[in-house]
Each structure stands twice: as structure tokens, then as C-alpha cells.
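Note that the structure is predicted; figures quoted are calculated from it, not measured.
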Amino acid sequence: AQGDPLAELIQYGKEFNVEIVPWFEWGNIVPEKSALWQRNKTLGWEGFSENFHTVPAIRINPYKGKFEDFMAALLKEVVVRYGSKEIHICDNFAPHLQQGEAARALRGPQTFTAFMDRVTTPAIQAGARFSLSSQRHLNSLNEFSIDWSLWIKKGIVRWVYPQLYHVLESKTDQFNSEARAE
């Protein structure tokens, strides 16, 4: 479908026998001028401004304004409409500390695990599997409220891929230090 980048990528993938896996990077950040934000901010979505790679953006509080319903429907649409068998998500869906005391009170692995279970269930029931990019387990717990070992046990994700983004050490050294830390 011309003008639909995901449909075009999936079509190319089929032509070359390559599975295209949609990746929800920084899943709750939207451009400040986007129609998505403009339409939903009046419906109770809450967020704060930040620059994301120099683009003025809004980081949405995932617990406000039925964002959970929106995200669940979006993930299911990727499976039903586009036939995706896997969806990859970033570890940065959790509410950010800048969202104030309410967000701080809601942070925590139990609350966020329940949220992600509800968000991913419709897509899983439609036939998708999920994978997660994450940092070390302890860092994920403390910074992002993600207990990815629990997510694996509960079936929210099937795979966790370590983030080896740091440039101050070799990837081998970083992987080994992350493995030792676990």
C-alpha cells in the first residue's frame, strides 16, 4: 500500500523471504506536533515536553487517558492488519520520573508488568510473540520498572535482547560485564 511504510516493508520482506519485525522504540514518545498527540491530549493523555533526537516531543504517561487501550489496539492492529508474527519493544515504556509524584507512585515492576500484560495480550491472542530490548536486569528494575525475567515467565515476551549501546568499552567486555552482573 503506497504511503504506508510498514505495509511496504512487509511486502519487500515477503518478496525476499525476510521476516520484518516492527520495533516500538521509545514506545510512549510522540512528536509534539503529531496528529496523534493533538487529538488525544484533550482526552486525558498526560505528558511532558522533551527533545528526542532534536525533535520536540511529548513523553506520554502510559497510565493516563486510556493510553493503555490505545497501545493495546495499536499492537493488535500490527498483527491483524499487517500479519506480523513478532513485535519488538524497547524498555522505555514505563512512566518517567519527571511525570511527578503520581508517576513515581505507580512505578514499580508489579504495576508495570500488569500494564504490559494487558497491553500485549490482544496481540498475543491474535498470534504475535514479543521480544524486548533491555539493559541489565537490575538496571531494568530500578530505572524502567521492568522485571524481564517475570515477563518471560508470564509470557509477555519470549526473548530479551541485551542492549550493548555503550561506546566506552568493547562489545565483548560489555556483554561479559553485563552477564557477570546478572
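Legend: residues meeting side chain to side chain contact (heavy atoms under 4.5 Å, CB included) with Glu86, ordered by chain and number and at least two apart, are Glu19, Val21, Arg129, Ser131, Trp159, Tyr161. A search for ring-ring contact (aromatic ring centres under 6.0 Å, His included) contacts involving Phe115 returns Tyr63, Phe112, not counting sequence neighbours. For Asp69, the side chain to side chain contact (heavy atoms under 4.5 Å, CB included) partners at least two apart in sequence or on another chain are Lys66.
No chain of hydrophobic side-chain contacts below 4.5 Å, direct or via other Ile, Leu, Val, Met, Phe, Trp or Tyr residues, connects Leu74 to Leu43. The hydrophobic clustering, which links ILVMFWY residues whose side-chain heavy atoms are closer than 4.5 Å, places Val80 and Val78 apart. In the hydrophobic cluster analysis, where Ile, Leu, Val, Met, Phe, Trp and Tyr join through side-chain heavy atoms closer than 4.5 angstrom, Leu132 is grouped together with Ile152.
Here Leu36 contributes atom CG and Lys41 contributes atom NZ; the two are 12.0 Å apart, rounded to the nearest 0.5 Å. Here the CE-CD1 distance, from Met71 to Ile60, works out to 7.5 Å after rounding to the nearest 0.5 Å. Rounded to the nearest 0.5 Å, atoms CE (Met116) and CG (Leu75) are 7.0 Å apart. Separation of atoms CD (Gln11) and CG (Asp4) is listed at 11.5 Å; rounding is to 0.5 Å. One finds the CG atom of Asn28 at 9.0 Å from the SG atom of Cys90 (value rounded to the nearest 0.5 Å). Once rounded to the nearest 0.5 Å, the distance linking OG1 of Thr42 with CH2 of Trp37 reads 9.5 Å.
Here the side chains of Asn40 and Val30 are not in contact, with every heavy-atom distance at 4.5 Å or above. Side-chain atoms of Pro56 and Lys33, non-hydrogen and from C-beta on, never get closer than 4.5 Å to each other. Side chains of Thr111 and Ser145 form no contact here, defined as non-hydrogen atoms less than 4.5 Å apart.
Of all heavy-atom pairs between Asp91 and Ser134, the closest is OD2-CA, 3.7 Å. The two residues Glu32 and Gln38 make their nearest non-hydrogen contact at O-NE2, 2.8 Å. What you find for Ile20 and Leu9 is that their closest heavy atoms are CG1-O, 3.4 Å. The shortest non-hydrogen separation linking Ile87 to Ala123 is CD1-CB, 4.5 Å. Closest approach of Ile156 and Ile124 over heavy atoms only: O-CD1, 4.0 Å. Here the closest non-hydrogen pair linking Ile58 and Gly47 is CG2-CA, 3.9 Å.
Side-chain atoms of Glu8 come within 3.5 Å of backbone atoms of Gly3 as a donor-acceptor pair (strictly under, hydrogens ignored).
In this structure, Trp45 and Phe70 have perpendicular ring planes: the angle between them is above 60°, well past the 30° mark.
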